[in-house]
Structure formats: structure tokens, C-alpha cells
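Working notes, structure below.
Because the structure is predicted, anything quoted here is derived from the model rather than measured.
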Amino acid sequence: MSISNTQPPANFIRQRIDIDLAENQIKNVVTRFPPEPNGYLHIGHAKSICLNFGIAKDYEGHCFLRFDDTNPEKEAMEFVKAIQEDVKWLGFDWEDRLRHASDYFEQLFQYAVELIKSEKAYVCSLDGDAIRQMRGTLTEPGQDSPYRKRTVDENLDLFLRMRDGEFKDGAHVLRAKIDMSSPNLNMRDPIIYRVRHQHHQNTGDTWCIYPMYDFTHCLSDAIEGITHSLCTLEFEDHRPLYDWVLDNVSAPCHPQQIEFSRLTLNYTVTSKRLLAQLVNDGHVEGWDDPRMPTISGLRRRGFTPEAIRDFCDRIGITKKYNQIEMTLLENLVREDLDPKVNRRMAVLNPIKLVVTNYPDDLHEIFDAPNHPNKPEMGTRTIEFGKELVIERDDFMIDPPRKFFRMGPGREVRLRYAYIVTCTGFDVDENGEPSVIYCTYDPETKGGNTPDGRKVKGTIHWVSSHDGQVATVHLYDRLFTEENPAGSKARDFKDHLNPESLRVLSNAIVEPSVVQGTSIEHFQFERLGYFCTDPKTSTTDLVINRTISLRDTWSAQKGHKK
RNA sequence: UGGGGUGUAGCCAAGUGGCCCAAGGCACCGGAUUUUGAUUCCGGCAUUCCCAGGUUCGAAUCCUGGCACCCCAGCCA
């Protein structure tokens, strides 16, 4: 038996679930993906989405999409819409399990009342500074709030009045009564409700008090019957509080929180806060700028859901701090696109090539395969003529021996057309070549060599007669540093790559590169994978480079891509 | 001498005391095929698992002691 490659990768969370199932701790698996709608989803969220939805799928359980919307100041409908679109695009379906933490505000309120009644929560009227000061430090215990001894009746009365809008923002908070000397700061009477007179994206103006994350999350999990609440490492310290809340109210069940390490990708940032800065400061065009590691940016760049899911599978789930190489993601995109995408020819930096012995007004039509290794993908026609364009990089006045392209006196194949020999060139006032001349060998139609002669170089071309002008966006990594946010001394924006976007406005593409309403993917032969930009129009063809082809030649030569 | 975590190749990662002189992927280095210097294919790539002791017939896996790194003092999540 061969090893199945459809087997989901083993990881410690799946092992935990296997044990829970085997020991009958749970009957079926329920997970959730709980984004806060305060920004767009990024590749790090994709890891969590694939984990949570992937586990639900593999174990035939369920996964909720739940908006963790307890802080109305930062949250917006734009983000809840975008998040849903991104999760769907990645290929996951929450069916009828779309929820908001704010759907539970009334229940949460009742749980808070329970806590007050059992003397496990109190209204504290200290201001922010005082609360902070009395919390103590990492090495020193905190001090009890003077309001800690308020009676149940007094607390109840105050809490109800907080809800009724009697108090200004910050006047009072509700705190859990735990232990001000706990070595875990989260257990030092954490705030669980605060007053915020703020319009909420989902509940409107119904509430003016909002529950905090630590109180909301565990209870939302319990209400939904989540079995395994998967979150990132920074919440490890919060687990005792997660468990405390569930142990001290009449929660329907007690989900288990399990933490895993978040994704770090080199040469970019995976933090909503930092990405928001790039958007707000205008360093990129928006959340869906193709240079952004956001799901919407990657989509517009031409990355596929398949490649992203594959990436998430391959990086694994552990508790180790990691930094994944961007080249892994890039290679998986190539791997996904290579077998399924049509080949086309496009010249990014054109220079004119005149075939001097070709008839002036002849335009031959050739069939060219859409995929050289997959005949079943069919063919398209390409037009040949006397005047063509080729890539400037494919010609050198004085080429080295190993340059398998065009140079004076050299023979080269024009892909799927003819073998041509360079006979001369013109230069402009700067000494740069401006026109190249060649002759073609009529016996080599289609690029074949009936005499069996070897022609090492094959270059791409487009006919001037029917080639179409396009604007091509060449993208490169957004940052010049591996870990742009890794230094406390320097702002991450100092490491922005000034050449992350190059716009080529005179590219010539073959006419079969037509723009549809949705993103179309191509491989431009010898160049890379490209896609039409969603903002392209019939009069202005805009094409994004997803990723270049692997290029061992220029890598060896140390040439710049 | 606050608490919570993590340490297996350049980057991920399996491994849960004997089949480990450590799986797999990416990267890298050869070599074959090639009308994309692409793809594909074949081969190579940790006597060693943060370090030092110990237990054991046997340790990456157990014990003891170090070391390094990450997270926590929002009325953010």
C-alpha cells in the first residue's frame, strides 16, 4: 500500500481530538473561526480557517463563523462583509452557522448577573489609571479595589443602571472577583464589562455596556457547544480565566481551549494592526492591494485558494515560534497553476524585430498549444508577420557564449513560428538597440528543424499587427527585511521595499488574452504566472504578475529578476 | 528566586524508550529529458535531536541541572 497523500497532516490538536473521541469525552467535534471585524483577513487567518474548518470537515463535525464583535469602536460592516467573502473564496462553508458574539449580549448580561449574585463579580468605580496602578506589576501583587466589598444589591443596582445608560463611559466597570495577588495578571480581578456609548455594527444602539473578550469568548463557545476552542499562543495566559468563567456560571458546557502558534511569514507582516497602518497611511492602495498578505490581496495578485490551503496544510500546526519562508507559498502557487493554466505569449519590454525576408503583407496563422505538456487543453491561434516585438532582455549586442538568445549572427527559435538569424540592429542616440533585423528559414515552420539541427534558444514574441497593449504590474516583496516588524528600534515602515510595484505600460500581449469579468490566470511563457486585474476594463487591460517562473539562469548569474 | 510557553537540518515538520547512525515537504547541490534557461524525472543532502550530567541492555523520547528565545502589567482581541 502506498502512502495516501490525502491524509490530513498529523498534529497535536488532532491527536487530542482523537483521544477525546476515543474516551467518549465528546460525541462530535465542533469548532469555530472567531475573527474580530476590525480589518481584513490575512494569510495568518487562513491558517486558522483551514485548521478549524478543516478539522470540522475531516471529523464530520461543524464549524461556526463567529464575529467576535465586542468592541464597537473598531468594528465595521465593511469588514464583516469582506471576511465572509474571503472565507467563502478560500473554499469553506459555515452553512447556517453564522454568528456574532453580539447575538449573545442578552445571555452574557444574565451570566454577569449570576456572577454578581454569587459574589463573584463587583462594580468597580476606580478610573483607568487607578485600576492599572492597583493591578501591581509582573513581580509585585496587586491591591484590592476599595469597591471590592460592595454588596450584591448595590452591585446589581449599579450594573443595571450601567446598562440603562445612567453613567458616562469609564465611570464604572464590572470586574470578576478572583485574586489580586495571582501571579497571572489576567486573574487580578479582570474587567468583564465596560460602559461605551457607541453605535454597534450589529446591535445598533441597543447596548451601552459591552462585555470584554475574556468574558465573551468562553461563553460564546459554550453557547454554541464548541468542543475545541483553538486559538493562538498569546492566549495561553488567558486559559485560567476562560476556565474560571465557565466554572462559575451555569454554562451549558465547558469547551477546551487549545493554543497553537500563529503564522509568521518572512518579508511581510501578519498583524491586522500593522496592515491597517499601511492602508491608512497610503503605502498600499488598500486592503486588497496585490502586495498585501491579505486574503483579498492574494486573490487579486492571482494566488489560488488551492495553493493557500495547500500551504496551510504543509506548514503544520505546533506550538513553536516559526517564520515561514515566503518562497514556500510562492512555490505552491507555481505548483498549483502550472498544470492548469493556459500558456500565452506577452512581451513586457518590447523591442521591434523585423524579419527582412518575410513578405510585407503576409500574416500567417499558427496553432499553438494552450499547454505544451497537456494536449487535451487544446490550442489557440497566433499570428505571425514581418514586424514583431520581442523582449529587450532577449537581445544583446555582444552576448556571452552561454546566452541562448538573440545576438548578431545568432540563430534562435521564435516559439511555435520559425527559426530566425539575427542580421543586424539599429541603435538610438544613447547607443541602445532600437530595432533588430533578422531573416527567417521557411523550412522551419512551427519552429521545427527538419534537418535535425539543434537550436538551443527559444524566445517568445508577439506580432505587431495584432498584439494588444496592456499595462502590467510587476510585484515584488513588500519589505526588504525578513522580519520587518522584528526591531523595536526601527519602524516597520522603514523597511518598505520601494520597488514592490513596477508598472509597465507598454507591454504587448497576444489577442487571446482577453479580460473577463472574473480573474483569469495565464502563464506568459518564459516570464511567469499572471492574471487579469479585477479593475481592468475593455479599453485598459491591466495584468498582475502573480509570480515569476523559477529562473535558475538569472539566479546563477546574479541577475535581477 | 512573578507567571505562562518553546527548543529536531537554511525554513517548516514527523517522531510519544528499541524497526531512529531521525519520515516528509520547501530550499540547496548534482545529472537526464525538454520548441518555456519552466515543467517532469532520477540521485545527494542531520552518526544527530539547545547544552551538561544521570537512569537504562537501549534515550530525540525518562530524570536532574543549566542555557537561549517568545508571551503577559488595554476599560483591545
Side-chain angles (χ1 to χ4, degrees), chain A residues 3 5 9-11 15 34-36 38 68-71 73-75 124 126-128 131-133 135-142 169-175 182-188 190-196 210 212-214 216-217 231-240 259 261 266 272-273 313-332 334-335 338-339 343 345 371-373 402-405 413-417 419 444 446-449 455-460 523-528 548-557:
Chain A
I3 303 154
N5 56 3
N11 63 53
Q15 288 175 355
E36 185 189 10
N38 65 345
D68 216 339
D69 54 352
T70 56
N71 184 8
E73 281 170 76
K74 296 180 176 172
E75 296 156 7
C124 180
L126 254 21
D127 65 24
I131 289 179
R132 193 176 317 120
Q133 275 175 25
R135 188 154 32 220
T137 68
L138 293 178
T139 51
E140 297 162 318
D169 288 7
H172 306 285
V173 291
L174 185 70
R175 292 230 248 169
S182 170
N184 180 345
L185 290 283
N186 296 121
M187 300 299 270
R188 317 240 265 229
I191 292 165
I192 57 178
Y193 264 93
R194 75 284 214 187
V195 179
R196 279 280 175 288
Y210 291 95
M212 299 285 288
Y213 166 85
D214 285 308
T216 307
H217 202 91
C231 63
T232 44
L233 254 27
E234 65 270 28
F235 292 101
E236 279 180 312
D237 287 344
H238 294 245
R239 185 165 9 106
E259 310 84 12
S261 51
N266 65 181
K272 255 193 271 183
R273 190 177 58 83
D313 279 349
R314 296 215 209 182
I315 57 177
I317 300 290
T318 66
K319 300 187 71 151
K320 272 165 57 177
Y321 294 88
N322 58 72
Q323 186 175 52
I324 312 286
E325 293 172 333
M326 182 68 89
T327 51
L328 175 61
L329 215 206
E330 293 173 345
N331 272 301
L332 295 178
R334 292 188 181 106
E335 194 176 306
D338 176 69
R343 309 289 121 132
M345 290 201 283
H371 191 122
N373 306 329
K402 290 248 174 175
F403 185 79
F404 307 139
R405 310 181 194 179
R413 172 162 36 234
L414 297 178
R415 179 146 240 232
Y416 299 131
I419 311 289
T444 60
N448 301 304
T449 50
V455 177
K456 181 75 184 163
T458 299
I459 63 172
H460 59 275
Q523 187 203 88
F524 287 158
E525 296 215 44
R526 301 212 305 132
L527 296 174
S548 64
L549 249 33
R550 186 178 280 134
D551 186 356
T552 46
W553 189 74
S554 59
Q556 264 172 35
K557 297 283 167 193

Do the side chain of A:Arg314 and the base of B:G24 come within less than 3.5 angstrom through a donor-acceptor pair of N or O atoms?
-> no
Just label B:G74 as syn or anti from its O4'-C1'-N9-C4 or O4'-C1'-N1-C2 angle, using within 90° of 0 for syn.
-> syn
Does B:G3 have OP1 or OP2 sitting under 4.0 Å from an N or O in the side chain of A:Ser182?
-> no
Is there a donor and acceptor pair, one atom on the side chain of A:Glu140 and one on the base of B:G2, closer than 3.5 Å?
-> no
B:C20 versus B:A27 - spacing of their P atoms, nearest Å | 27 Å
Could you tell me the separation between the OH atom of A:Tyr321 and the P atom of B:G5, rounded to a whole number of Å?
-> 10 Å
Under a 3.5 Å cut-off for both distances, is B:U34 Watson-Crick or wobble paired, and to whom?
-> none
Kindly confirm whether the side-chain ring of A:Tyr213 is stacked on the base of B:A77, judged by centres under 5.5 Å and planes under 30°.
-> no
Can a side chain N or O of A:Arg526 be found less than 4.0 Å away from OP1 or OP2 on B:G37?
-> yes
Would one find a side-chain N or O of A:Lys320 under 4.0 angstrom from OP1 or OP2 of B:U8?
-> yes
Any N/O donor-acceptor pair, A:Asn184 side-chain to B:G4 base, under 3.5 Å | no
Would you tell me if any nitrogen or oxygen in the side chain of A:Arg550 comes within less than 4.0 Å of OP1 or OP2 on B:A27?
-> yes
Pick the P atom in B:A23 and in B:A60, then give their distance to the nearest Å.
-> 14 Å
Please work out if A:Ile459 contacts a base, only the sugar-phosphate, or nothing of the nucleic acid, heavy-atom cut-off 4.0 Å.
-> nothing
Is the distance from OP1 or OP2 of B:A13 to the nearest side-chain N or O of A:Thr318 less than 4.0 Å?
-> yes
Round to the nearest Å and state the distance from A:Arg135 atom CZ to B:G3 atom C1'.
-> 15 Å
Spacing between A:Ile324 atom CD1 and B:G25 atom C1', to the nearest angstrom | 11 Å
Between A:Arg343 and A:Asn71, who's closer to the 5' end of RNA chain B by nearest nucleotide?
-> A:Arg343
Base partner of B:C67, which must satisfy Watson-Crick or wobble distances under 3.5 Å = B:G7
Scanning all shown strands, the Watson-Crick or wobble mate of B:C28 with both distances under 3.5 Å is B:G44
Has the side chain of A:Asn322 got a donor or acceptor atom that lies under 3.5 Å from a matching backbone atom of A:Lys320?
-> yes
Please give the nucleotide sitting opposite B:G2 as a Watson-Crick or G-U wobble pair, both distances under 3.5 Å, or none.
-> B:C72
